[in-house]
Structure formats: C-alpha cells, structure tokens
Amino acid sequence: MNRIYFDHNATTPVLDEVFEAMVPFLKEQWGNPSSIHWAGRGTRKAVEDARERVCSLLNCAPLELIFTSSGTEGDNHAIKGLAYAQKNKGNHIITTKVEHPAVLSTCKHLQKEGFEVTYLDVDKDGLIDLEELKKAITPKTILISVMYANNETGVLFPIKEIGQIAKEKSVAFHTDAVQAAGKIKIDVADLNVDLMTISGHKLYGPKGIGALFIKRGTRLVPIIHGGHQERNRRGGTENVAGIVAMGKAAEIAMRDMEKETEHLSVLKARLEKGMAERVPHIKVNGHPERRLPNTSNISFEFVEGESLLLNLDMKGIAASSGSACTSGSLEPSHVLVSMGLSHELSHGSVRFSLGKSNTVEEIDYLLEIMPPIVERMRSMSPLYAGAK
Amino acid sequence: MNRIYFDHNATTPVLDEVFEAMVPFLKEQWGNPSSIHWAGRGTRKAVEDARERVCSLLNCAPLELIFTSSGTEGDNHAIKGLAYAQKNKGNHIITTKVEHPAVLSTCKHLQKEGFEVTYLDVDKDGLIDLEELKKAITPKTILISVMYANNETGVLFPIKEIGQIAKEKSVAFHTDAVQAAGKIKIDVADLNVDLMTISGHKLYGPKGIGALFIKRGTRLVPIIHGGHQERNRRGGTENVAGIVAMGKAAEIAMRDMEKETEHLSVLKARLEKGMAERVPHIKVNGHPERRLPNTSNISFEFVEGESLLLNLDMKGIAASSGSACTSGSLEPSHVLVSMGLSHELSHGSVRFSLGKSNTVEEIDYLLEIMPPIVERMRSMSPLYAGAK
Amino acid sequence: MYSEKVMDHFSNPRNVGELEKPSGTGMVGNPACGDIMKLTIQVEEGVVKDVKFKTFGCGAAIATSSMVTELVKGKNLDEAEKISNSTVAEALDGLPPVKMHCSNLAADALHAAIEDYKKKLAEEAAAK
Amino acid sequence: MYSEKVMDHFSNPRNVGELEKPSGTGMVGNPACGDIMKLTIQVEEGVVKDVKFKTFGCGAAIATSSMVTELVKGKNLDEAEKISNSTVAEALDGLPPVKMHCSNLAADALHAAIEDYKKKLAEEAAAK
Ligand SMILES: Cc1ncc(COP(=O)(O)O)c(C=O)c1O
Ligand SMILES: Cc1ncc(COP(=O)(O)O)c(C=O)c1O
C-alpha cells in the first residue's frame, strides 16, 4: 500500500541531509563538549556552529539562543522562567485559549501557584482581538504569550502588532513559534519578541531537540539547574547530535523556504478546492488567508474525526484530528470549540498538514477516496438523517 | 597518533549496536508516538519496548520509569518535583557536599525559595556518616538525596542503608545513579529508593536522553508541563531514537556487566599499582574498596591538574580533572576539598575513568609517559623545590 | 491501538441502519463526548429478533455498537439485559484505557432500547 | 580552547627556573585559585637582563609566565612596568574568557619582582 503522510504538524521525517549530518556525532565524535581534550574540542565547535545556523533562521545573536529538549521544554522555560524572575513585579500573565498544551498546562500550573492568567478568546477565524489584549493588560501583567501559528488550524497571529503592544506597555512577550519556524520567514529583530520557542522535529529534524530565543537582557529563572552549560541557563550535557541536526535542519529550511512555500500553497489550495467540490457539508477552519501554507483543518459534518482517520489510515493516509498531542483524549479540540464550532463539528475535524515530499498525485488520491469514506460514515450517523 | 580515552565518566562512545538500533527511528520510523496512524504505531511500541529494557536494568515496573532529556533534568525533576509536591509537609532536604552540580544547583535554587538544605560532610574517604544523616533528619525533612556513585572519585555510597533510614523516618529518598547505572548491579526493589536518576550517555548511549525511576505512589510536580506524554509526568514529543538507544544500551549493560566489571577492575588495579610504583608523591582519592570498578582519581602533588591533562592530550590521552561539567571552572574540585584535601592536592588531581574498549596496552602506555610528564611539570613548580 | 476485532467491526460493521418500525429505540451519548448511538430493536415473543444501529463516534464507538448488535440478536430480554459495557469490551478483546468510558456505551443504548420497549408495552397494556 | 601560541608556550616554556641570586623576586597567586607564580629577575643598569619563572598552574598560567619572561627580557624597568596582564594575553593571541582572571597574573608577578628589587635597592641605599 502506498503510504501518504499528511501529518507534518505532528512531526516531520528527518531529512537525509539532516541524518547524515548527525551520524558523525553518534559514531566518531561522541566527546563531551565540556571536555578540554581531543574528544571534546570538535563537539564544542559543532554545537556552536549549529547554534549560529539556528540563529540565522530567526535572525538573532548566538548569545540569545539556548538549546532545549523540545518545544514543550522551551515553552515551560520561557513562561515559568519569566514568571519566576519577575514575580516581584507582578503576577499576571496573558495568553490565548488556543495555545498548545505546552503553554496551557504551564499556565494552569502557574495559576495553582498564585499567578493570574487571562486566556483571550478567539473569533470564528481563530484570531484574537488586539483591543481586548490591550484592555487585558494591567500594571501587574508581566508576560504575554501568544503563539505564532496555531498547530491545529495553521492560523497566524499578528506577532509584530502584539510585540508592539507589549513593548509599549513594557511587558515581556513570548511566542510559541514551533509551527511557524521553518515554514514562514521569522525575524525576531523586526518583531519585538523577547522569547521564542521552536522545536526540531517540526522542521525535519529529530525529536528531542528544540531551542529557545532569549532576547539579550531578558532574565529567566532556569528550569533545569546544573552545570555551566548554555551559559548557566540550562544544565545537562548537550545533545550534540540533536543540536547538529537542528542546525542542519534550520539551514535547509532557510535555503528552501521560498520554494517550499510555493509548493505547499499550491497543494493546499488544490486540497481545499477539491474537497469542497467533492464533499458536501464541510467547513475549512481558520482564517481564509492568515494561515500557514501547509495546514488545512476541515470539519466534516455529521461524522466523527477519529473514524475518518481510521478509514484514511486503512488506505495508507496519515492525518490527524485535533493535535497529535491530545489525540489520546476524548475532549473535542479546545481550539475549534474556542472558535465557536459546535461539539459535533469540532469532533468531526481532520487536520491535513502537508510537507516537502507531498505531491499533487497524493492530493488527488485523497480527493478520490475521501468522498466515499465520508458518505459511508455519514450513512452510519444518527445525526445525518435529519440533515438530508 | 594513538588516541586513548580514559574519560568515560564524562561521556561514553555510542556503541555500534546502539547506533544501529537508533538508525531506523531516524530514517524510516520517524512517526510521532502519539499519532494513531501507521506512522505513529511503530514508534509507540518502540518506546514502550525500550522502557521495559531500562526497567530491567533497574528492576522496576514500566509504570515507574519516565524518560528525560538528561541526568540533570532527572535530578531536577526528582528533587524539585518532590519538594514542591510535599512542601505542605515540610521544607527540609538533606543531601551531601559531594553531589553533582545537577543536584547541588537545584538544592541551592530551592534554598532561595525558602527550602532548607543540609549538606552532609564526607570523610577523607569520601563517605558520609550515617549517624550524622540520622541526626540531620527533622520532622520537616521531606527528602534525602544522596548519589549512588561519585562522578569524580567513583566512591560508592551505602544506598541500601540510607534507604532503610529514610524508610524508617518516612522520608522520600532520591539517588543520582548516573555514574552507577550500567557499571554495577542496581536493584531498586531491594533498595528502598523512591527516586533514581540515570543518564544515557554515561552507559554507551547518546547524549540528550535519560530516565527517572519514580516508585509507585510517589507524587511529583512535573517540571515540564504539556501534553499527556509519559502519563502526564513529562510533556513533549518523545525523543524516540534516543529512547530506543537508551533501551539498547541498558540491555547491553545488563548482558555484559559481569565481564566488564572484571575487565575494568583488572585495568584499574594495574593503573593504580603502576602509578604508585612509578610516580612519587601521589595519592589515590576515595575509599580504597568502595569505589566504581572504572574510576581512579589521583592527585599528583606539586602540579596542577589541567596542565597534566594538556600534556596527556598532546600524547593522545583523554582524561579529566574534576568533573567534566565543571572543567570550565577554576574552582578546585568541591568533592576533593570536601574530603579534606588541600587546595594544591585538589587542583592537582586527574580522573582516569576507564571503559569497555580500554586495554592493558593503553594502561601501560599511560604508565610509561606519565612519569616524565609529572617530573617535567614538577620541575617547573615553585611548590616542588621545598619538598625535595 | 485497537485490537483486530475492533478493527474488524469498525471496517465491517454489522447491522447498520434503523428498523422501520422498531419495538424499542435507545439513544445515548452526547456531542460533547463525541459519541452518539442510536439502537433500534425488534422484539418478538420476548426475543430480540432484529436490531440495527447508527453511531456518530470514534472507532471504539462504532465497533462496540456493531458488537452489541451481534451479541443481542436472538437473545431473550433477560439475557439481553445482562449484556454490559464490559461484556462488549471483552467480546472485542478489550479497548484502549482512554476509550473505556465515553465510547463504550453500546450496552447502555441497548438497555435504553429495551426500557423503551417495556415502557411502550406498559402503555399499550394501560391503554387497553 | 587555547590558541596555538598558548600551546606553544605551554609545551616549550621559555626561561623556566629560578635565578640563583636574583635582583628581585615576585611571587603571586594562591593555591585556592590553583595558580602560583614565582618570577626572579636579574636587573643590570636599569635593564632586565635575565628572568626565570616557576609556575604551579594550568595551561594559561604556564603560558603567560613564559610569555612575560620573553616580553620583559632586555626591557628597561619603565618599559617593564608597562607590561600588563592584558599585554601578555594579547601577545598570546588571547585567552579563554574563563582564564582571563585567575590564571593571568604573570605581569603581576613581574611587577612584584620589580617592586622587590626597588625595595632592596632602597634598603641598600638606606643601609649605606
Ligand atoms: C553523578 C552525575 N549526576 C548527573 C550528571 C548529569 O548528567 P547529564 O550530563 O546527562 O545531564 C552527571 C554527568 O555529568 C553525573 O556524573
Ligand atoms: C504549537 C506547538 N507548541 C509546542 C509544541 C510542543 O513541541 P514538542 O513536541 O517539541 O515538545 C507543539 C508540537 O506538538 C506545537 O505544535
């Protein structure tokens, strides 16, 4: 069976070039970067070279970037680290209702510790109201955390405008750019962002590596205390192979970005147009334009998402319903519910997230098999009868 | 030039078998273990298989083990997680003066937050006094954290006895077993340990992966909040390749342990005996028997450790002075100073930590080149003149 | 994630549909949970002669619905009432832990349908 | 970590030893820091004619000691006093940041030796 992968927002394959780049650091160059002897010297250099590559992707200075073990760790480090560092200044944090669990769970944890958190609503397009954001800021506000691109819908938030507001009010601004990095151009120098989280396995690097941009002068309380690594900002022997891989992945993302954006946009348009033509009663979720080039979140009325996914999987197609990280849960997507979708529509959504290797043929295959699958599942649905 | 690696406590090479085991999870099986489609199913199974392997090494149940990104993260998670979870019960933690920075920095951080920490002294052999430990326990004591094996000297702590004391007093017990795991037999079921940290790159796995044993019923506040991974105990997409590698490394460590212990003990005895015969004014640090089979920490009077290391490095020999993690620092080893060594002797120490691939010939080469190096450096030392 | 039996019932569900003139109808679940099941039964002389289901829900929901229709067909009402959600889950060689609750309500739907049938019987008897 | 120049001076240190009858002796550093330097100088007609060092310390400590002896040889005292720790570090193409402090005190040792020489001169003059 042909295997087609439309779940790049869950994770991406490791590119061959990336794999090749990391192999030497698993085979011959396995030294500890902190060692002063021959075994350590090469790996220290490799780590710093990789750091420069990732910095190029974000346009920041090497001193402003630390490596983490995941996007989730980065989000925790940024949010808790800032909250603890500034707790004497205030205890109020502003975020949105549609953040990734890495941000939401962290904020919920901080609430237990006495921090107050405002979760901004989103409109039907999945966007926040900047006036509401402004109104939410109080003298006690120390941090705004708004994601760059939503993982479920691909909706892009106005990061530059939010940064401007944060700057005017002298509030620190963190953005979870895990889904944006590598997919669209990011320039922290232009954005008034103080903290930005990214993750390796969403940009064709391996799992278990991420990075956090920490603008010069931003003080964070570390969440992993230990040795002097990462200039005392994160203890622990560096994941050298992972870091090198992330550097390579960042370099490739930069190199191929324009071409990829074009490629993905064409595929996505074909998918959405084709689906609308072939399957009645569907709804593409999220703002029509302000979305990542690769993400299509579609609700299929009257049917439940997981059963669609199982049907797709039986035909070799990998997609997801809600975020991969919550797919073990039965809750409807908090993102779609926040956008005002009914529970049925939220449960009936499928996220197609495209990537480098996807082709027009694959999209066409999906468009061919989807109508009968949806039709069959609808014929089994007690909700459908009434609608016909 | 022949390269000889005597720095296995800093990090170990990745074994070929381990590398081979992880390759598929970087090349074909890169799916997210949380995904329900074809791409995710295999990786979920691989993660759980690896977990069982690591559990076999420690003799615990799969539910009792989570994967982390390093030994340092594990130490932070165990200590902060327990402290925060039990802060209503008490605010007192007991540890030792000779812990790794991962434990010491974490404890120092907790002191800033209002926890009280007792740092137990060690004697000249590097061991704590169990009576002192007992006396240090108060009704406010919630955690004892004592390392299994010291990274600098290899000194082995009486974990079973400490666990017994902790159990009698109903205090949680954490042990940093990063240097012990894979080198000596560990059986948590026999030890009364509640929390145990281990790290992949110290047992011939890659950097960036570790594990934490959490005894059934021990509640910790997570340090990385996020998705439902690791049963809500640690968020973040799993480092699948790293986890698989750690599983393989654990399996090999179990398989080869007896043979390795024998091999290393022979080499270590040869090294220490030969060095004593050839170089005057030296001192082997740490308890004569209660030490890891692979670690020899030797002070060379009148000379400074780093300059010895540089000389060894020029001959292709990698060793270290103090711990690799603090080698960027100019402080004398806190471990040796705590054992009562003078500053000169602490600065003049070299740690030879042996491993699988080391040979008798390599030891003999070291024994051949060391005397002239030490002699030359002593001839340059203003401290030596008086001693002759 | 799912057993082979679950996948079999999911891909080839038995007794899909709705009886035209059912003796009883059971509808359980709610959209928030993501599962809604509608079961219609045909009872003759105290025996479940026919049964059909319609389900909005995940793989587990559909498979349990299908399985319960197989289990109940031909059983008398006493036996039918003894079928529980765990009977169904067991017949499917188990369900993932996360699916044990919300999506495992096919037996509830069956019991609701039987109740409905009994209520109708009682009403008919009262009307006579 | 270290520049080639540092490694050169470390592996082939210049002017190691102790002058038998030095005009001045400087000893700086302390064991806690891990660096102790002893510099002996021979001054003739206001010029540093000879100089030797002994150092207990890391690579940087030994290389800076060696470098300062090279820099100072043949210089008059005025010039010698102008040699600073950063002059030495620069002459070695720089030192790792962590080594800039503790291990970079060769110029201090030199200044201590010159001071010692001047003190002796003054004492001799006073004794006359
Ligand atoms: C005793 C001990 N604990 C903790 C650590 C930290 O482990 P990692 O390097 O995996 O963070 C080390 C290694 O440096 C160690 O030797
Ligand atoms: C928006 C967003 N933030 C954070 C994360 C967490 O990243 P990681 O899986 O590397 O922990 C993800 C991915 O799951 C994500 O999509």
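Since we're looking at a predicted model, the values are computed, not measured.
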Closest contact, heavy atoms only, B:S35 versus A:D7: OG-OD2, 3.7 Å

Leading residue by heavy atom contact count with chain A [cutoff under 4.5 Å; candidates B:P13, B:G226, B:P206, B:P33]: B:P13

A:W38 (side chain) donor-acceptor with B:G316 (main chain) under 3.5 angstrom: yes

Toward chain B, the part of A:A241 with a non-hydrogen atom under 4.5 Å: neither

Between CG on residue B:N239 and CD1 on residue A:I209, distance to nearest 0.5 Å: 8.5 Å

For chain A, the option from B:G40, B:G31, B:S70 that forms the most heavy-atom pairs under 4.5 Å: B:G31

Pairs of heavy atoms under 4.5 Å with chain A: top-ranked of B:G236, B:G208, B:A318: B:A318

Step-by-step side-chain contact (heavy atoms from CB on, under 4.5 Å) determination, A:D313 to B:R41: CA-CA 11 Å; A:D313 187 32; B:R41 282 192 295 265; 2.6 Å; yes

A:A245 portion near chain B, given a 4.5 angstrom heavy-atom threshold: neither

Side chain / backbone / both / neither for A:I317 at chain B, heavy atoms under 4.5 Å: backbone

Among A:L309, A:L15, A:I224, residue most engaged with chain B (heavy-atom pairs, under 4.5 Å): A:I224

Check: A:F19 main-chain N/O paired with B:K27 side-chain donor or acceptor under 3.5 Å: no

Approximate separation, where rounding is to 0.5 Å, of B:Y84 OH and A:K112 NZ: 14.0 Å

Test side-chain contact (heavy atoms from CB on, under 4.5 Å) applied to B:T11 and A:N32, A:V240, A:T43, the passing residue: A:N32

Any donor-acceptor N/O pair, B:K207 side chain to A:G242 backbone, under 3.5 Å: no

Heavy-atom neighbours of A:K356 NZ exceed 12 at 6.0 Å: yes

B:H225 backbone acceptor or donor facing A:N76 side chain under 3.5 Å: yes

Heavy-atom contact with chain B under 4.5 Å, split by part of A:I4: backbone

Steps toward side-chain hydrogen bond (donor to acceptor under 3.5 Å, both in side chains) verdict (B:S69, A:R234): CA-CA 12 Å; B:S69 70; A:R234 182 191 191 263; 2.9 Å; yes

Option that, when pairs with chain A are counted at under 4.5 Å, heavy atom only, ranks first among B:H201, B:K108, B:Q29: B:H201

Plane angle bin for B:Y5 and A:W30 - parallel if under 30°, tilted between 30 and 60°, otherwise perpendicular: perpendicular

Rounded distance (nearest 0.5 Å) linking atom OG of A:S321 with atom NE2 of B:H37: 11.0 Å

Region of A:T68 in contact with chain B, defined by heavy-atom distances below 4.5 Å: neither

Heavy-atom proximity to chain B below 4.5 Å, by part of A:M22: side chain

Atom group of A:E238 that falls short of 4.5 Å from chain B, counting heavy atoms: backbone

Contacting region of A:V18 [heavy-atom separation from chain B under 4.5 Å]: neither

Minimum heavy-atom distance between B:L26 and A:L26, given as atom pair plus value: CD1-CD1, 4.4 Å

Closest-packed option against chain B by number of heavy-atom pairs under 4.5 Å, given A:D16, A:T106, A:I79, A:I223: A:I223

